There are 2 protein chains.
Amino acid sequence: MQGGSGSVTIHEVAEKAGVSIKTVSRVINHEANVRADTKERVLAVIAELNYRPNPSARHLAGTHGYNIALLYDNPSPSYLIDLQSGALESCHAEGFHLILQPCGFHDQNLEATINNLIVESRVPGLILSPPLSDAAGLIEKLEQWGVLHARIAPIDVARPGPYVAVDDRGAAFELIGHLIEQGHRRIGIIKGHPDHGAGHWRYEGYLTAMRQHGLPIDEDLIVQGYFSFESGLEAGRKLLSLSDRPTAIFAANDDMAAGVLHIAHDMGIDVPGQLSVAGFDDTPLSRHVWPSLTTVRQPVQEMARQATMQLIDRIRKRGLSESGPSAMYCSLVIRDSTGAAPNL
Amino acid sequence: MQGGSGSVTIHEVAEKAGVSIKTVSRVINHEANVRADTKERVLAVIAELNYRPNPSARHLAGTHGYNIALLYDNPSPSYLIDLQSGALESCHAEGFHLILQPCGFHDQNLEATINNLIVESRVPGLILSPPLSDAAGLIEKLEQWGVLHARIAPIDVARPGPYVAVDDRGAAFELIGHLIEQGHRRIGIIKGHPDHGAGHWRYEGYLTAMRQHGLPIDEDLIVQGYFSFESGLEAGRKLLSLSDRPTAIFAANDDMAAGVLHIAHDMGIDVPGQLSVAGFDDTPLSRHVWPSLTTVRQPVQEMARQATMQLIDRIRKRGLSESGPSAMYCSLVIRDSTGAAPNL
DNA sequence: ATGAAAGCGCTAACAA
DNA sequence: TTGTTAGCGCTTTCAT
């Protein structure tokens with residue numbers, strides 16, 4: 001192992017291995033047409049010299065760059081970290097770099113910002129996380145500009161191009177079923193941010209579960225939220241102020257569920273004695289509040305890992321098989337922290 | 001605004017502006033010796049063509065690259081996001097890219113990992129966040145390798161090289177004073193992770209405050225923590241099980257304070273009626289738990305911003321003024337969410 | 001104050 | 001299967 005200055009170049013490797021630089025190039029790019037023993041010799045020298053191809057030189061001479069960008073619109077820190085970890089993992093494994101690009105879904109300059117990113121950083125592809133996975137205008141521009149992308153948890157799954165999603169609808173369905181089994185009849189729901197697909201499906205899962213169990217859908221028990229703690233606080237206040245208030249509340253994510261818990265405490269309502277609260281995402285927060293929330297573990301990191309792999313694949317295969325929309329699904333797990341049903 | 005493919009090059013700019021490429025180069029590098037009107041003409045063409053210098057070409061031809069790395073060892077998500085936002089801000093402003101490098105402080109291969117990063121990504125400099133800001137072995141290697149660095153909140157401020165810190169000691173001192181003014185006499189403390197400087201100073205602030213107010217230091221009230229929720233849970237259990245238990249607990253960060261709150265609820269201890277809990281960092285969590293924590297706002301983002309600027313400065317000034325250790329301080333603010341003193 | 005030429009380390013197209 | 005050559009877009013050094 002040796003340090004930073006005076007990097008080893010392909011020429012030194014070629015000379016020491018007694019081959020031309022082109023042969024070294026073939027080896028590091030896993031091309032065919034290199035005899036096994038030649039290849040081995042070159043690899044040995046590479047290891048000995050701790051040689052790494054210079055990414056800038058490769059980019060300059062080659063067809064594509066080794067940066068990809070992760071676009072995100074300010075979700076919760078823990079969601080974002082999971083997203084990044086997953087994307088980083090794949091990037092690292094494939095020799096790519098990850099560029100972080102915060103951006104506003106409703107920002108007037110969204111497309112200009114991204115264009116800027118593309119022109120400046122020469123990224124051959126982007127990863128779109130919710131809600132940007134459904135920024136239709138942006139996606140059209142990307143296609144027009146010839147920039148690849150992979151989407152995480154999009155609403156519009158019909159659109160061509162790779163995406164990775166989870167069965168939010170099914171998980172919400174099971175979660176509500178779980179609450180009903182515990183004896184709940186009046187179950188309130190706080191819907192997610194309307195920009196996010198996840199919100200829609202979790203709501204649909206709720207509706208289906210209620211219907212299948214023959215329970216009435218009471219409009220008073222359905223409140224719009226925006227995935228933030230504050231919106232959970234407000235929606236919770238609304239639900240818990242009802243004369244015939246719910247015995248359980250399902251918030252479409254943990255942050256809002258934490259808001260419900262907070263306001264319940266403020267209002268002197270005993271949890272879990274008089275109220276059950278369920279969230280979604282299995283964030284650290286869901287375990288840190290008291291009492292801990294029942295929630296659903298969402299494999300965000302895994303989704304990001306897979307979306308990134310798909311994107312890198314496309315970048316490498318450019319021009320070859322324009323392999324239509326390819327979808328991946330990851331599975332969800334309910335985590336019930338109470339175990340016991342509340343006293344009704 | 002136009003798209004990705006077929007990038008504009010310096011040649012096209014030069015031709016359209018009626019100058020040589022060297023003049024364009026001078027303009028984009030803010031070099032002297034360009035007549036004002038020439039410069040203006042070139043800038044106009046650059047804007048018109050939406051030209052951006054190709055980073056890879058610059059790196060290949062120039063003296064240094066435009067990537068810098070942020071090293072972190074798995075702090076809390078919100079801390080990490082703040083760190084990143086600050087670093088990104090400076091990078092963006094200065095035309096650099098940020099490379100994320102998670103790493104383990106106690107990892108046997110830490111130095112090898114970083115060497116790898118340096119060889120592979122050609123980073124001219126690194127930002128070290130706690131506890132890596134005090135990885136003495138690593139820092140020595142960096143100097144040996146000729147790789148620059150800037151540290152965030154280090155313990156050892158004597159070491160040469162730029163760093164950014166806050167007055168943790170003073171803030172803890174004030175916070176404890178605040179609790180004492182509210183009438184608390186038995187104040188427990190949960191110390192921070194021993195690897196982190198912040199933990200030491202917050203503890204010192206506690207000791208100084210207690211002494212200055214003539215209160216005894218009771219060893220039973222001092223418990224080691226590790227900055228995690230779980231360690232707060234355990235330390236809280238220990239403190240609250242004392243026969244003469246404290247009326248206030250100061251945890252060296254919010255995650256641990258949330259643990260204390262959680263265990264207090266579990267034990268049926270009324271907060272804030274029978275116990276006050278204070279944390280440190282002003283994370284979202286501190287507002288989401290119930291009741292909200294008294295805490296100290298730490299300008300993590302601002303620290304990262306400044307450390308990054310310092311690093312970029314050094315990279316640009318390489319070889320010139322080897323300008324010794326330069327320190328920066330950011331200030332802290334107490335946020336008291338209760339306002340009222342608990343009933344003692 | 002401006003320009004011409006060389007070359008950074010690599011890949012691509014074409015030879016051999 | 002292997003090597004040769006020409007550039008990618010820029011900065012550098014050295015002229016003018």
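Quick caveat, the model's predicted, so the values are computed rather than measured. Side chains are part of it too, since the values below use all heavy atoms of this structure and drop only hydrogens, waters and symmetry mates. Below, chains carry the letters A, B, ... as their sequence lines are ordered, and counting in each starts from 1.
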- Query: Considering residues at least two apart in sequence or located in another chain, which fulfil the side-chain hydrogen bond (donor to acceptor under 3.5 Å, both in side chains) criterion with E302(A)?
  - Reply: R305(A), Q306(A)

- Message: The criterion is ring pair (Phe, Tyr, Trp, His ring centres under 6.0 Å); which residues satisfy it with Y79(B), sequence neighbours excluded?
- Response: none

- Task: Could you tell me, to 10°, how much the axis swings from one end of the helix from dA1(C)-dT16(D) to dA16(C)-dT1(D) to the other, five pairs per end?
- Result: 30°

- Do other residues, nucleotides or ligands put more than 12 heavy atoms under 6.0 Å from Q108(B) CD? no

- Qualifying salt bridge (charged side-chain N to carboxylate O under 4.0 Å, His left out) pairs with a residue from residues 14-31 of chain A, counting only residues at least two apart or across chains: K16(A)-E48(A), R26(A)-E31(A)

- Which residues pass the side chain to side chain contact (heavy atoms under 4.5 Å, CB included) test with A153(A), sequence neighbours left out? P130(A)

- Query: For H106(A), which residues count as a side-chain hydrogen bond (donor to acceptor under 3.5 Å, both in side chains) partner, sequence neighbours excluded?
  - Reply: D195(A)

- Task: Please identify each residue that fulfils side chain to side chain contact (heavy atoms under 4.5 Å, CB included) with L311(A), with sequence neighbours left out.
- Result: I68(A), I127(A), L148(A), A150(A), I315(A)

- Note on the structure: For residues 73-85 of chain B, the salt bridge (charged side-chain N to carboxylate O under 4.0 Å, His left out) pairs (sequence neighbours left out) are none

- Message: Please report the distance, rounded to the nearest Å, between NE2 in H59(B) and C1' in dC10(C).
- Response: 13 Å

- When you measure from every atom of DNA chain C, which of residues 30-39 of chain B have a heavy atom less than 4.0 Å away? N33(B), V34(B), R35(B), T38(B)

- Go through the structure and list residues passing side-chain hydrogen bond (donor to acceptor under 3.5 Å, both in side chains) with S76(A), not counting sequence neighbours. none

- Sort and list the pairs that fulfil side chain to side chain donor-acceptor pair (under 3.5 Å) and have at least one residue in residues 129-138 of chain A, not counting sequence neighbours. none

For nucleotides 8-11 of chain D, tabulate all protein N/O to nucleotide N/O atom pairs closer than 3.5 Å, reporting atom names and distance.
{"residue": "dC8(D)", "atom": "O2", "partner": "L60(A)", "partner atom": "O", "Å": "3.4"}
{"residue": "dC8(D)", "atom": "O2", "partner": "A61(A)", "partner atom": "N", "Å": "3.2"}
{"residue": "dG9(D)", "atom": "N2", "partner": "A57(B)", "partner atom": "O", "Å": "3.4"}
{"residue": "dC10(D)", "atom": "OP1", "partner": "Y51(B)", "partner atom": "OH", "Å": "2.5"}
{"residue": "dC10(D)", "atom": "OP1", "partner": "N54(B)", "partner atom": "N", "Å": "3.1"}
{"residue": "dC10(D)", "atom": "OP2", "partner": "I10(B)", "partner atom": "N", "Å": "2.4"}
{"residue": "dT11(D)", "atom": "OP1", "partner": "N29(B)", "partner atom": "OD1", "Å": "3.4"}
{"residue": "dT11(D)", "atom": "OP1", "partner": "N29(B)", "partner atom": "ND2", "Å": "3.0"}
{"residue": "dT11(D)", "atom": "OP1", "partner": "R58(B)", "partner atom": "NE", "Å": "2.9"}
{"residue": "dT11(D)", "atom": "OP2", "partner": "S25(B)", "partner atom": "OG", "Å": "2.8"}

